[in-house]
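Input: a single structure, listed below in structure tokens.
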Protein chains: 2
Amino acid sequence: MTVRALHHYDEIGLLSASERTPAGHRRYTERDLRRLYRVRALRALGLSLEEIAGVLDGAADDPESMRELLTAQLRRLDEHAELIGMLRRRIRGLLRQAGDSSGPDPDRLMTTLELMSVFETYFTEEQRERLAERRNALGGEGVEAAKHEWAGLVEEGLRLVESGVPAEDERARDLVRRWDALAGGFHPDGADGERTRAAARRMWQDNSAEIGGSLPWPVERMAGLVAYLEQARQAG
Amino acid sequence: MTVRALHHYDEIGLLSASERTPAGHRRYTERDLRRLYRVRALRALGLSLEEIAGVLDGAADDPESMRELLTAQLRRLDEHAELIGMLRRRIRGLLRQAGDSSGPDPDRLMTTLELMSVFETYFTEEQRERLAERRNALGGEGVEAAKHEWAGLVEEGLRLVESGVPAEDERARDLVRRWDALAGGFHPDGADGERTRAAARRMWQDNSAEIGGSLPWPVERMAGLVAYLEQARQAG
DNA sequence: GCTTGAACCTCACGCCGGGGGAGGTCGTAG
DNA sequence: CTACGACCTCCCCCGGCGTGAGGTTCAAGC
């Protein structure tokens, strides 16, 4: 213990020496010392000084409130552990990606970070949970396959746009149907799914440059494609 | 994000709007926004604003420092998780004890807390580790058996003291030998063990009232017994 | 008795990551 | 023209102490 901590406990009224020497030095009695031991032990378990004061003052002979406090603390620790586990998984994922690439894009880690933030800005927590569920259901290879398929759709769409096929054409509308079906693998069905898809579109529109930068196609071509798909969707 | 947080980032120089309207309102450009996304993502991973500033300013195109920072953070999270695990085990142990007792001593939880603190005051960390090892080696029943045996020794000692047998008597010295042999099951051998035993004695002498309060025998009788044992130890 | 160094006292500011409010200005919709 | 919201600056607040500044007091050694 440092002296300063004892002074602090004194200031907030948690533990004050019940005697003073004539010169004003704090004299801690044996009772004070026992209280100090309790304070220290409870602090070491992660409780706040306020909670400690509460349980030591309010219910000296009530072990029930003590049990409640400890179970509450256990719950908090569980939540904390879960949060830490999540952060560890995320960081490990980022490090794996950083280790993998080593390719032509040294800025990819940063871009991923930006996307993480954007993602959390545009989707609510429950939407993110559903997306994660879907992703888990598809499995690692499923997600990879979907990415591959999507790349094919993008290529196809870019060819349609650049060869001047109008958005009302059946080929464009068919592409939109396949596009949305593919997206359906990630977005849930029904009204919730519609909201998720709307969020995805908002995210794309507000951040197309951002997202486009992380894609293997030039941003402006992608932007054109998205506008084209939107037209085709209206038409069909 | 709250406005106040943006102001804070501005104050500490982490992120400031690169433009202002004539009226003085902050205008965040797209570059600012990208920086903000990075800041938010890194903060969400648990990094401090200072670390974030360091990695964003110092090494914009150096993914190596980024990897280092993330691995360091991973280590910190691991340590944190370990600490949390320890606290959870301790609290669960306390709750188990509190659930068990329900007996005549409602203050036992508090006493245990005091002893935790005393224990950590009087033993160094390595000593505590060795004690825990020994305890594990003995196993749950071993510890219970030792407690039982110790209770027998205490009873025996109290009888010796109160029937006036001198400390130099062979029966007292024999008791001391068995006492120390029993303690040897918890304390390591050799010089380290001697230090641990010395720490245990110091702890006892400074806190006999404290420890005695948690024992099923009156404190003053125990204190007398300990003095008696010390005499016998000197004698034999 | 005197000195000296350690330990104590009070008072007050600092840290981190912002929260919240007071008191005032700006922007825009009806 | 008038609301009403959004923004501005300035300043104090939280927890759990750390770290001084500047001044007593205590215990040991001469």
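Keep in mind that the numbers below use all heavy atoms, side chains included, and drop hydrogens, waters and symmetry copies. To find a chain, count down the sequence lines: A is the first, B the second, and so on, and within it residues start at 1.
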To the nearest 0.5 Å, tell me how far B:Ile84 CD1 sits from A:Glu82 CD.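 The distance works out to 11.5 Å.
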
Identify, with sequence neighbours excluded, every residue that meets side-chain contact (heavy atoms from CB on, under 4.5 Å) alongside [X].
{"X": "B:Glu11", "answer": "B:Arg4, B:His8"}
{"X": "A:Val176", "answer": "A:Asp180, A:Leu229, A:Ala232, A:Arg233"}
{"X": "B:Arg27", "answer": "B:Glu19, B:Thr21"}

Roughly how many Å is it from [atom1] in [X] to [atom2] in [N], rounded to a whole number?
{"X": "B:Tyr28", "N": "D:dA6", "atom1": "OH", "atom2": "P", "result": "16 Å"}
{"X": "A:Arg40", "N": "D:dG16", "atom1": "CZ", "atom2": "P", "result": "16 Å"}
{"X": "B:Met1", "N": "D:dA6", "atom1": "CE", "atom2": "P", "result": "17 Å"}

Base, backbone or nothing for each nucleotide of nucleotides 10-21 of chain C, written B, S, -, heavy atoms under 4.0 angstrom, 5' to 3'? B-B----BBBB-

Only counting residues at least two apart or in another chain, list the ones meeting side chain to side chain donor-acceptor pair (under 3.5 Å) with [X].
{"X": "B:Glu64", "value": "B:Arg67"}
{"X": "B:His7", "value": "B:Arg26"}
{"X": "A:Arg76", "value": "A:Glu51, A:Gln73"}
{"X": "B:Arg40", "value": "A:Ser117, A:Thr121"}

Within residues 69-86 of chain A, which residues have any heavy atom lying less than 4.0 Å from an atom of DNA chain C?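 Result for residues 69-86 of chain A: none.
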
Salt bridge (charged side-chain N to carboxylate O under 4.0 Å, His left out) partners of B:Arg88, counting only residues at least two apart: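 Once residues adjacent in sequence are excluded, the partners of B:Arg88 under the salt bridge (charged side-chain N to carboxylate O under 4.0 Å, His left out) criterion are A:Asp78.
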
Please list, chain by chain and in numerical order, all residues satisfying salt bridge (charged side-chain N to carboxylate O under 4.0 Å, His left out) with A:Arg35, sequence neighbours excluded.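 Listed in chain order: A:Asp57.
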
Sort me out a list of protein N/O and nucleotides 22-29 of chain C N/O pairs below 3.5 Å, or just none if empty.
none

